Each structure stands twice: as structure tokens, then as C-alpha cells.
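What you see is a predicted model, and the numbers here were worked out from it, not measured in a lab. Order of listing sets the numbers, starting from 1, for every ligand and every atom in it.
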Amino acid sequence: MPKTHTTVGIIGGGPAGLLLARLLHNSGIDCVLLESRDRAYVEQRQRAGILEQGTVDALRESGAAERLDREGLVHDGIELRWNRRAHRIDFPALTGGRRVWVYAQTEIVKDLIALQLTYGAPLLFEAAVHAVEGADTEEPLIRYTHEGRDKTLTCDYVVGCDGFHGVARTAIPDGVKRTYEHAYPYSWLGILADVPPSCDELIYAHSPRGFALHSMRSPTVSRLYLQVPNGTDPANWSDERIWDELEARFAVDGDWKLRRGPVTAKSVLPMRSSVTEPMRYGRVFLAGDAAHIVPPTGAKGLNLAAADVIVLARAFARLKDTGSAELLDAYSDTCLRRVWRAEHFSYFMTTALHTDPGQSPFATRLQLSRLDRIAASPHAAAELAENYAGLPTV
Ligand code: FAS
Ligand code: PHB
């Protein structure tokens, strides 16, 4: 019989909700997690692939990194390509030792769900939340449907981890909520392919034909993306057409070769930025994509979600241990400083590397000058490395 009251009601079983539930459990704080989809769906949803040092540290501290440490790929840099030249960004050398891990979001979700179901507080799948009421009262209420019946959950606090299309944001009154948005004039066509990666580290390529990214999931599975027009139908892109276009965009002097193989998944992802302020109203908090969206070029989405819940879990633990709400009251401002830094970095990486369909030759020369500067200046390279490998969690 599901609980009817909890300390922290969490809406959404993506990385933000699952990591928050894990951190609260470790602090002895009662919570209930409500996820609208079934377990299989959330575990197979292809999304992010890069973890910052701070995200890995939090997963380790919460006891959720055993498989990550066994199977994750540690990366000390990325390669930028433009005008047929390549330049490596050396993260540890430029950031005093920080690095990144390649470990798919799907695997993090699987690991956290397994822990949650074994040791954690209640995690209900196919529990769709359709309203959050009383945000400005002492006992906010979540209305949800589970097993065909309408139910309610009263909470001391509610945390909306329900992503960009979730419901929690509606708990903030329109007169209070401020939304900042930017849409990019292109999308990404993302593929998974059963072929070993053609590189040891990620390659981000600027080309007159458009952006391309070579990432990976394991020593035998590659993850690649290429810029396409908004509204692109992935069905119009055959494997051969995808590989031909990727090969053209990664072109570089020297003997580098792009390995080809069967494409096992393809999807189109729109590029947008969005921030909702504040990230708290009364006793309702927003975390992760429920509060902010970044274009994936800077590999920030998942890591921002983790940073939010690390700050929030620490604040709930302070309240439980000392009675002080100081960190809770600072949550929104604390997170928004990092959110806007990540929004700017993601905007920088996206606009520096993508070719806007309508951009002028002058704009292209400015892009090339930015990329030349990163190759020429350790200071410019360090700015990119610090932002990519992740700023220390506050
Ligand atoms: P999520 O969206 O992951 O999770 C929200 C959860 O809430 C979902 O499981 C949803 O089912 C549930 N939910 C929604 N409404 C609900 C309701 N009413 N009741 C109950 N549950 C509800 N980031 C990168 O860094 N790199 C990438 O390559 C990348 N690729 C992406 C591709 C796509 C298609 C998308 C959409 C995002 C991508 N992102 C990427 C960003 C992505 O990784 C997010 O930042 C990350 O999933 C954020 O995690 P959450 O905040 O937990 O939100
Ligand atoms: C990924 O591996 O999915 C990935 C990596 C880096 C990005 C975006 C996506 O910037």
C-alpha cells in the first residue's frame, strides 16, 4: 500500500529524481519517487554520455558508482576539428587534474533504479503526477494516478524532477515564474552504431557542411551526432548517407579514418536553451530539466541535473540535522549561478561549432577565429576545459 505522506515527494525518475532519492536515503530522509513511465522505458531512453568529475564524485559517495568505475571510460581530453586541422584540449593539464567519464545516462539510471528498489524509499513506476497543489502551504499535495486509481501524497516538500515536459513547473504561479528561452536554427541527428570508435576521445568538428560529434558508449559501440535542419525525419537518412556525411565533416589532414558499421538507433534532437526562475516556490523545488534545458553540445544537461540535487540533498540534510533552512532558502540562487554559467558555455560551444543555415561568410570567419584562438592560447583553452570538465560543485 503506497504511503500517503512523506517528507520529500519526488516527481520524475530520471537522473535527477533517482540521484536525489539516493542522496536523501543516505541522509536518513524519507521520500517517495513517482515516475510516470515504466521501468523498461526509462532505462532504455538514449540521452547523455559524459559525466563531469563532480557527478562521478557524487555517484561514488552515494554508493552508486561500482559499475561506473568498472565499465566507465575515463577521458583526459577532447579534440576540436576545423579547416581540416585538429587540436586537443588537455583537461588535467588545463584544470589541475579534472577529467570526464564516458558512461551513458541509461546505465546511471539502471544502476540507481537497482539500488532504489533494493535499499531505497518507495519508487513507483507508471505513477503519473497530474497536479501539485498547496505549494505555499505547510503541506503541499501531489495528485497522481497509479494502477488505474487516482491517489494523493501529502509532503513536507515536493521536488519536481520531471523534466522539460513535466508538471511541477506549473506549481509556480505565472506572476512569479520567469522563463528565458532560446531556440537554435538546427537539430542533431544522433546515432548508435555497432562499430568500435574511430577515436580514443570525443571529436567535435566544425565544417562548412555543418557540425559533427564523434562520441562513444563502449570499446565496441559508437555514438555520433550530426547537425541537421530542424524538422528532419531520421527515416530520410540511410546508414550510408549518415556515414558519408560524417566522413565529410570529420575530414582532417593526416591518415585518420572513420570506421563504419550498422546503425542500431537514430533520432533527431531539437536544440534549445531554457531557464525557469526561481527554482523554488514555497515548499516546491525544481531540479534538472524541470528547471533548465541546454543544447547538448557542452555535455552539461545531465551534469547540471546532478549538481542541482547535490545542492538540494545537502540542504535537506542540514535542515534535518540542525533545523536550519539556510541552505534550502539559498537553493535557487546557488543553482542558478551554475545554471547560467552552463547555459553560456553550451551556447558558446554550439554557436562556435555549428553552421547556422543563414550565417554570413563574415560569421564563419569569426567562428574560425574563435577556434584558432583556443588552439593558440592556453588561457582560451583553459576556459573551455574548466567549463567542460565541470566547475567544482558548490
Ligand atoms: P529527465 O527528462 O531525464 O527525467 C524526467 C523524468 O520525469 C522522466 O523519466 C519522465 O518520464 C518523468 N516525468 C515527466 N512528467 C512526469 C509526471 N507528470 N509524473 C511523473 N513522472 C514524470 N544531455 C547531455 O548532456 N548530452 C546529451 O547528449 C543529451 N542528449 C539528450 C537527448 C534527448 C532526446 C533529450 C530529451 C535530452 C538530452 N540530454 C543530453 C539532456 C538530458 O540528458 C537531460 O539533461 C537529463 O535527462 C536531465 O535529467 P532529469 O532532470 O532527471 O530529466
Ligand atoms: C554523448 O556521448 O551522448 C554526448 C557526448 C558529448 C556531448 C553530447 C552528447 O556534448
### Summary
Note: ligand 2 atoms sitting under 4.0 Å from heavy atoms of Ala299 are 6 (C), 7 (C), 10 (O)
### Message
Under a 4.0 angstrom heavy-atom cut-off, which atoms of ligand 2 come close to Thr297?
### Response
10 (O)
### Heavy atoms of other groups near Arg365 CZ, more than 12 under 6.0 Å
no
### Query
Using heavy atoms and a threshold below 4.0 Å, how should the contact between Cys161 and ligand 1 be classified: side chain, backbone, both, or neither?
backbone
### Salt-bridge criterion met for Asp308 and Arg338 (N-O under 4.0 Å)
no
### Message
Taking a cutoff of less than 4.0 Å between a non-hydrogen atom of the residue and any ligand atom, is Ala127 in contact with ligand 1?
### Response
yes
### Task
For atom 17 (C) of ligand 1, state which one of Val129, Leu269, Asp38 supplies the nearest heavy atom.
Val129
### Query
Taking only heavy atoms of Gly288, which atoms of ligand 1 are found under 4.0 Å from at least one of them?
51 (O)
### Query
If you count the atoms of ligand 2 from 1 in the order shown, which ones are under 4.0 Å from a heavy atom of Tyr204?
6 (C), 7 (C), 10 (O)
### Query
Should the proximity of Lys300 to ligand 1, defined as any heavy atom under 4.0 Å, be assigned to the side chain, the backbone, both, or neither?
backbone
### Query
Gly163 to ligand 1: N or O pair under 3.5 Å?
no
### Message
Closer than 4.0 angstrom, basic N to acidic O: yes or no for Asp244 and Arg241?
### Response
no
### Donor-acceptor pair between Thr264 and Asp194 side chains, under 3.5 angstrom
no
### Query
Does the distance from a Lys or Arg side-chain N to an Asp or Glu carboxylate O, for Arg283 and Glu138, drop under 4.0 Å?
yes
### Task
Report the part of Leu34 in contact with ligand 1, treating N, CA, C, O as backbone and CB onward as side chain, heavy atoms under 4.0 Å; options are side chain, backbone, both, neither.
backbone
### Query
What do you reckon, does His165 have a nitrogen or oxygen under 3.5 Å from a nitrogen or oxygen of ligand 1?
no
### Message
With nothing but distance in play, are any N or O atoms of Arg45 less than 3.5 Å from an N or O of ligand 1?
### Response
yes
### Message
I'd like to know if Arg169 and Asp162 make a salt bridge, using a cut-off of under 4.0 Å between side-chain N and carboxylate O.
### Response
no
### Summary
Counting heavy atoms under 4.0 Å, the part of Phe164 that contacts ligand 1 is neither
